[in-house]
Amino acid sequence: MKTVLLLLLLLIPIYDCHLFRYQWHQRRAPPSSKKYRISPTTGVRIALPTPEQLQWQAQELGVLIHFNIATYINDDGCSGQFVPNISLFNPYLLNTDNWVQTMLDFGAKYAVLVAKHACGFHMAPTDVKFPLSPSGQIIPYNYSIDYSPMKGVDVLGNFVKSCEKKQIRTGFYYTVVSNNWLNVDSGLIQNRTLKPGQINITQETYNSIVLQQLREIWSRYGSLDEIWFDGGYTSTLKDPITTLLAQLQPQAIAFNGYGVSTNPARWIGTEMGVAPDPNWSTGITNDGGDPNSPIFCPAECDTTLQAHDRWFWGVNATLRSLSELIQVYHETVGRNCLLMLDLTPDRTGLIPPVYARLYKQLGDFIRSCYGTSILPTEYLTLDDSKIHIQLFISSPVTVDRSVIQEDQTRGQVIRAYTIDVQLVNSTDNSQWITVAQGTSIGSKKIDIWSEGPQLINAVRLTITKSVDKPVIKSFTVHLCT
Ligand SMILES: *[C@@H]1O[C@H](CO)[C@@H](O)[C@H](O)[C@H]1NC(C)=O
Ligand SMILES: *[C@@H]1O[C@H](CO)[C@@H](O)[C@H](O)[C@H]1NC(C)=O
Ligand SMILES: *[C@@H]1O[C@H](CO)[C@@H](O)[C@H](O)[C@H]1NC(C)=O
Ligand SMILES: *[C@@H]1O[C@H](CO)[C@@H](O)[C@H](O)[C@H]1NC(C)=O
Ligand SMILES: *[C@@H]1O[C@H](CO)[C@@H](O)[C@H](O)[C@H]1NC(C)=O
Ligand SMILES: *[C@@H]1O[C@H](CO)[C@@H](O)[C@H](O)[C@H]1NC(C)=O
Ligand SMILES: CC(=O)N[C@H]1CO[C@H](CO)[C@@H](O)[C@@H]1O
């Protein structure tokens, strides 16, 4: 995912956890088709999500699969005017079920596969034919899988079938703005001397190729969860893409898609795997968003498993450490951002074993730390307008963090909260001590308490500021290592 956003906006550790959990569900209001509503208490606009956006946000973990002809070169994608020889693309052990095993080990709920990256190589069979310039000679889009050693294989189709068997939702990345084979940068045919492998076409031909290929990949592989517009799209293609999306994949979340989709998601603004705190579900800028924006447009945090922002499998690439990836989880999912982790099959078409182990170690940590629950002995909701939730435990427990989830069906309304505990000590066991406070909750907020593990009798969540009656989906506390 090397393309810069431009245009238009132009170890094997053991994790031992105790935790208890308080969870309940409110009766949900039916989703509205209106984009925002007016707060009955403060009069501000509250952005409303679509049901698709909420379902997508609840997935929390996904993968972005960088596998294409760039897997077979040393650079991380094609830069300059380089067009790799098509005979390089030969994943002779290709098995997409193997990819899915790793997705499950990590805990991914959705997967987006690169269909076409900047080199221009299209990993799906395509029927597109077009005229060369200036001769007018009609040729097939022959920089595609059927002209490679993998002729007859449909990687996109295999990927979708493998994911469907395990209920992993699917999507595609197809870069509209770069295509080295066709001499395209920033969505435009470049006026420059062609390099080996490049061919000459007109801008109209290029735009037509893009729309035909988007139609192919959006109509041949079922209902997609997410569509990735890396680098966006040109203004000329905005309207036709909007129409095509509405016609073929209206339910799909469109990454970078504010303007072309009713289900947009935004980029968090960095590929490092860290969201700012606070990070709101609303707003369209590539940062922590804006609580007062009338546009519900949650953020996705895409980042790599390999070190140094490397997306395609690299010959001598090093991997990030498990502890760094755990921090990434806390600073993305724990800050209301989806964690989309790069997944990189190697040149055989399989996930390398040391990579597979690291994805599983990260998944094991998440499941072990946050996956199980022990019910508290008693809970109280004290004040309807403010929401105090108190959890009491029959015997003292040690915990070091809390997880809050807001029900955003009627928009993200909480603006501030505080978490207090009753410490276990001999002299006074009814005193409340603040262990965490914050602003945005949204889909999920994880607070690792700065004071470290606390031995407590009770814990309390107080919503101190909101623009409408807050609804908490769940509030849990945990102890992790
Ligand atoms: C691509 O590589 C193949 C196999 O090595 C070779 O036969 C062919 O000439 C190369 N094509 C170009 C355009 O270099
Ligand atoms: C591409 O074709 C156009 C005519 O459509 C011509 O003006 C241009 O010089 C050609 N570009 C190259 C790099 O050959
Ligand atoms: C694709 O077609 C062009 C134009 O006919 C030709 O020069 C090129 O060698 C073809 N490439 C492959 C891989 O068949
Ligand atoms: C293409 O570049 C050449 C050389 O820089 C220039 O003379 C020509 O006007 C350019 N053509 C277009 C259409 O921009
Ligand atoms: C990978 O590392 C080996 C051993 O250090 C070295 O010989 C080789 O050139 C490196 N390859 C690349 C593509 O960096
Ligand atoms: C209870 O323990 C906490 C933390 O050690 C301390 O701050 C607090 O003062 C103690 N309370 C009393 C009444 O001693
Ligand atoms: C911490 C952070 O990134 N805050 C940003 C939240 O979003 C607003 C509005 O886009 C930005 O101005 C802040 O910088």
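Order of appearance sets the numbers: ligands from 1, and atoms from 1 within every ligand. These numbers come from the heavy atoms of this one structure, side chains and all, not from hydrogens, waters or symmetry mates. Note that the structure is predicted; figures quoted are calculated from it, not measured.
- Protein residues with a heavy atom closer than 4.0 Å to ligand 5 are Asn74, Val315, Asn316, listed by chain and number.
- Across all their heavy atoms, Thr344 and Tyr359 have their closest contact at N-OH, 3.9 Å.
- Note that Arg169 lies outside the cation-pi zone of Tyr110, set by a 6.0 Å cut-off to the ring centre and a 45° limit from the axis.
- No option in His117, Gln213, Glu216 other than Gln213 meets the side chain to side chain donor-acceptor pair (under 3.5 Å) test with Tyr174.
- Just one residue in the list Gln405, Gln57, Glu406, Glu60 forms a side chain to side chain donor-acceptor pair (under 3.5 Å) with Lys444, and that residue is Glu60.
- Of all atoms in ligand 3, listed by their number and element, those nearer than 4.0 Å to a heavy atom of Ile86 are 13 (C).
- Separating the CZ atom in Arg347 from the CG atom in Asn90 is a distance of 12.0 Å, to the nearest 0.5 Å.
- At distances below 3.5 Å, at least one donor-acceptor pair connects side-chain atoms of Asn286 with backbone N or O atoms of Trp267.
- The two atoms that bring Val184 and Gly187 nearest to each other are CG1-C, 3.6 Å, heavy atoms only.
- When each atom of ligand 3 is checked for a heavy atom of Asn142 under 4.0 Å away, the hits are 1 (C), 2 (O), 3 (C), 8 (C), 10 (C), 11 (N), 12 (C), 13 (C), 14 (O).
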